[in-house]
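One structure is given below, encoded as structure tokens.
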Amino acid sequence: MKIKPTIPKGTRDFGPKEVYKRNYIFGTIRSVFEKYGYQPLETPTMENLETLTGKYGEEGDQLLFKVLDSGDFLKDVKPDVYESKDAKKLSFAIASKGLRYDLTIPFARYVVMNQNEISFPFKRYQIQPVWRADRPQKGRYREFYQCDVDVVGSNSLLNEAELVQIYDEVFHKLGVAVTIKLNNRKLLAGLAEMSGVSDQLIHLTVAIDKLDKIGAEGVTKELITRGINPSVLDFLIETDGMENREKLAKIKEHLKNSAIGLQGVAEMETVLNYLDMAKLYGANVEFDLTLARGLNYYTGTIFEVKANAAEMGSIGGGGRYDNLTGMFGLNGVSGVGVSFGAERIYDVMEELGLFPNTVARGTMALFINFGGEHERVALGYLQKLRKAGISAELFPSDDKMAKQMKYANAKNVHFVVFVGEEELKREKITVKNMLTGEQNELVIEQLITLLHQA
RNA sequence: GUAGUUGUAGCUCAGUCGGUUAGAGCGCCUGAUUGUGGUUCAGGAGGUCGCCGGUUCGAACCCGGUCUUCUACCCCA
């Protein structure tokens, strides 16, 4: 039976060229993480479903990929659940594992499980794929990588400043001009309090988060349908576009009767002060009161990164969560972390042509195969190159020269090496630079020197 | 979950009003060229027109379903 080869919706293959580019991004991110003292962590692809459910809101639960139990999993399903044909109920009866939805919850689970071995503050990074069962579209896939960096067990706002520095340095190294937006959930809570809608904080933040998308009118409409007085909006519009410090002064005045609001003001001020000392490479830092972010476990500073020159959703985000480990029974551990959206960074860099040519560098040297004795001699030279740390290969059969040369071309080989009749006699090799077409007869030691310089 | 969109050669895409043998460019293979690729010329291979069903004398084309692609909404990286 012949079946058409396909891959599941929202997933992708990565060919050699793509993997080179992706590794360039991952490598850059990893090196910066390590430079700031973060250590690697990896967790299983699957978590127990109870670890995952209820952490991402109702919508999030819908987007979890569940893993079917092994064996005769229908045996113990209660008849009423089975008969009800309620897919949601049934799925929890026959699946007790799920694919991870992000890296933060597994991290929290890890911290609680290993709390006796970990010395706090614990700084970890994690670069692994996550899975979400939603509809794919631009910049959204069902399988994608996240690069998370978090520190738990420290309340210091130095951590917040450090994460901004990490964002700045990574995007500086990748050549992507970005704006790092900052806000603080306590400020949003203060705004809600001043409007007398503290209990509606989530709806308020979701609505104002859309300001740049649907405009003031749209947000006003949404607030009214939620029963929230839209006058909050006036203040946001009034302060929009102000300098960070000016905006901070304004909101300090506005929230002077809100204890939690003033705390947010103080935190934001501290973070901005630290950043003044930090001397960033070039990222634009913007205090943006309309930044809200969906995940409801954030409690303090929140972050979001956007590329300045590309139409793309956020390419990174994160925030402080005061009690993430509380849901697993460990209270009083505050953490803060951010995530890099590697796939979107890839798309932005592709769009803007920011990948250096060197990321897809092919094999340095290819030996043309002339068969027989020539092949054996070439094999010896080949190993000398490899021992010298030069990537080299010998064409595996003595096919026609044109075919071998075409192979070299397609693979972006930099130098082609000939060991034929003449070379064999003189104990030399002929090397051809595939870019310039230039050709020279050398001894093997000279070739090694040449390739080391290239 | 809602709405639109896409699917034809390995790739990018044409394909008229439903008509008999489904095309192009690129790529691939062979030769011109038995030690030189990226240029040129000649020839060749390669198709269940996403899949299932319907209408019709006849379907790549019309209708229904389904899968898929991309996009917007919700939500999110």
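These numbers come from the heavy atoms of this one structure, side chains and all, not from hydrogens, waters or symmetry mates. Residue numbering restarts at 1 for every chain, and letters A, B, ... go by the order of the sequence lines. Treat the numbers as computed from the prediction; the structure is a model and nothing was measured.
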Practice item. Check whether any side-chain nitrogen or oxygen of A:K138 sits under 4.0 Å from OP1 or OP2 of B:U71, and answer yes or no. Key: no
Check your understanding: Got a sec: does the CD of A:E42 have more than 12 other heavy atoms crowding it under 6.0 Å?
Key -> no
Check your understanding: Are A:Y101 and A:F65 near enough that their ring centres are under 6.0 Å apart?
Key -> no
Study note, to complete from the structure: Closest to the 5' end of RNA chain B, once A:S314 and A:G10 are matched to their nearest nucleotides, is A:G10
Check your understanding: Can any side-chain N or O of A:R185 pair as donor or acceptor with the backbone N or O of A:A292 at less than 3.5 Å?
Key -> yes
Review point. Which one, B:G38, B:A77, B:U36, comes nearest to the side chain of A:K406?
Key: B:G38
Point to revise | Sidechain N-carboxylate O distance under 4.0 Å for A:R12, A:E18 | key: no
**Study point:** Under 3.5 Å on both distances, the Watson-Crick or G-U partner of B:C26
**Key:** B:G10
**Study point:** Partner nucleotide of B:C62 by Watson-Crick or wobble geometry (both distances under 3.5 Å)
**Key:** B:G54
Check your understanding: C1' atom, B:U6 versus B:C67: distance in rounded Å?
Key -> 12 Å
Point to revise | Sugar-phosphate only, base, or nothing, as touched by A:Q62 at under 4.0 Å among non-hydrogen atoms | key: nothing
Review point. Should A:K210 be listed as having a side-chain N or O under 4.0 Å from OP1 or OP2 of B:C75?
Key: yes
Exercise for review: Could you tell me whether the phosphate oxygens of B:G35, OP1 or OP2, come under 4.0 Å of any side-chain nitrogen or oxygen in A:K432?
Suggested key: no
Revision key, fill the gap. Rounded to whole Å, the NZ-P distance (A:K403 to B:U34) equals 17 Å
Check your understanding: Considering only the C1' atoms, how many Å lie between B:C49 and B:C62, rounded to the nearest integer?
Key -> 16 Å
Exercise for review: For A:I7, report the nucleic acid contact type (base, sugar-phosphate, nothing); a contact means any heavy atom under 4.0 Å.
Suggested key: nothing
Review point. Can you check the A:N369 CG to B:U34 C1' distance for me, whole Å?
Key: 15 Å
Check your understanding: Among side-chain atoms of A:D61 and A:T53, is any donor-acceptor pair under 3.5 angstrom?
Key -> no
**Study point:** A:K9 or A:K400, whichever maps to the more 5' nucleotide of RNA chain B
**Key:** A:K400
Exercise for review: Report the base-pairing partner of B:G31 (Watson-Crick or G-U wobble, both distances below 3.5 angstrom), or none.
Suggested key: B:C41
Check your understanding: So, does the side chain of A:R140 form a donor-acceptor pair with the base of B:U71 at under 3.5 Å?
Key -> no
Exercise for review: Please determine if a side-chain N or O atom of A:Q137 lies less than 4.0 Å away from the OP1 or OP2 oxygen of B:C70.
Suggested key: no
Point to revise | Any donor-acceptor N/O pair under 3.5 Å between B:C75 base and A:R132 side chain | key: no
Exercise for review: Kindly confirm whether the side-chain ring of A:F144 is stacked on the base of B:A77, judged by centres under 5.5 Å and planes under 30°.
Suggested key: yes
Review point. Any N or O donor-acceptor pair linking the side chain of A:Q404 to the base of B:G35 at under 3.5 Å?
Key: no
**Study point:** Separation between the C1' atoms of B:U21 and B:G58, rounded to whole Å
**Key:** 15 Å
Check your understanding: Among A:Y38, A:Y36, A:Y274, whose side-chain hydrogen bond (donor to acceptor under 3.5 Å, both in side chains) with A:E162 holds?
Key -> A:Y38
Review point. A:G317 near the nucleic acid: base, sugar-phosphate alone, or nothing, with a heavy-atom cut-off under 4.0 Å?
Key: nothing
Point to revise | Whole-angstrom distance between B:G15 and B:G19, as gauged at atom P | key: 14 Å
Review point. Have A:T43 and A:Q126 got a donor and an acceptor in their side chains that come within less than 3.5 Å?
Key: yes
Revision key, fill the gap. A:E222 atom CD is separated from B:C73 atom P, nearest whole Å, by 13 Å
Point to revise | Distance in angstrom units between A:N433 CG and B:U36 P, rounded | key: 18 Å
Point to revise | Atom C1', compared across B:G38 and B:C26: separation rounded to whole Å | key: 15 Å
Practice item. For A:T430 and A:E423, test the side chains for any donor-to-acceptor distance below 3.5 angstrom and give the result as yes or no. Key: yes
Point to revise | Between B:G64 and B:G23 - P atom distance, rounded Å | key: 30 Å
Practice item. Look at all strands and tell whether A:Y141 reaches a base, only sugar-phosphate, or nothing, counting heavy atoms closer than 4.0 Å. Key: base
Revision key, fill the gap. Whole-Å distance, A:F367 CZ to B:G37 P, equals 20 Å
Exercise for review: Starting from P on B:C70, measure out to CZ on A:R12 and report it in whole angstrom.
Suggested key: 10 Å
Point to revise | Distance, rounded to the nearest Å, where A:L63 contributes CG and B:A77 contributes P | key: 11 Å
Check your understanding: Expressed in whole Å, how much space separates the C1' atoms belonging to B:C29 and B:G7?
Key -> 28 Å
Review point. Using the P atom in both, what is the distance from B:A59 to B:C52, to the nearest Å?
Key: 15 Å
Revision key, fill the gap. Separation of B:A77 atom P from A:R344 atom CZ, nearest Å, is 8 Å
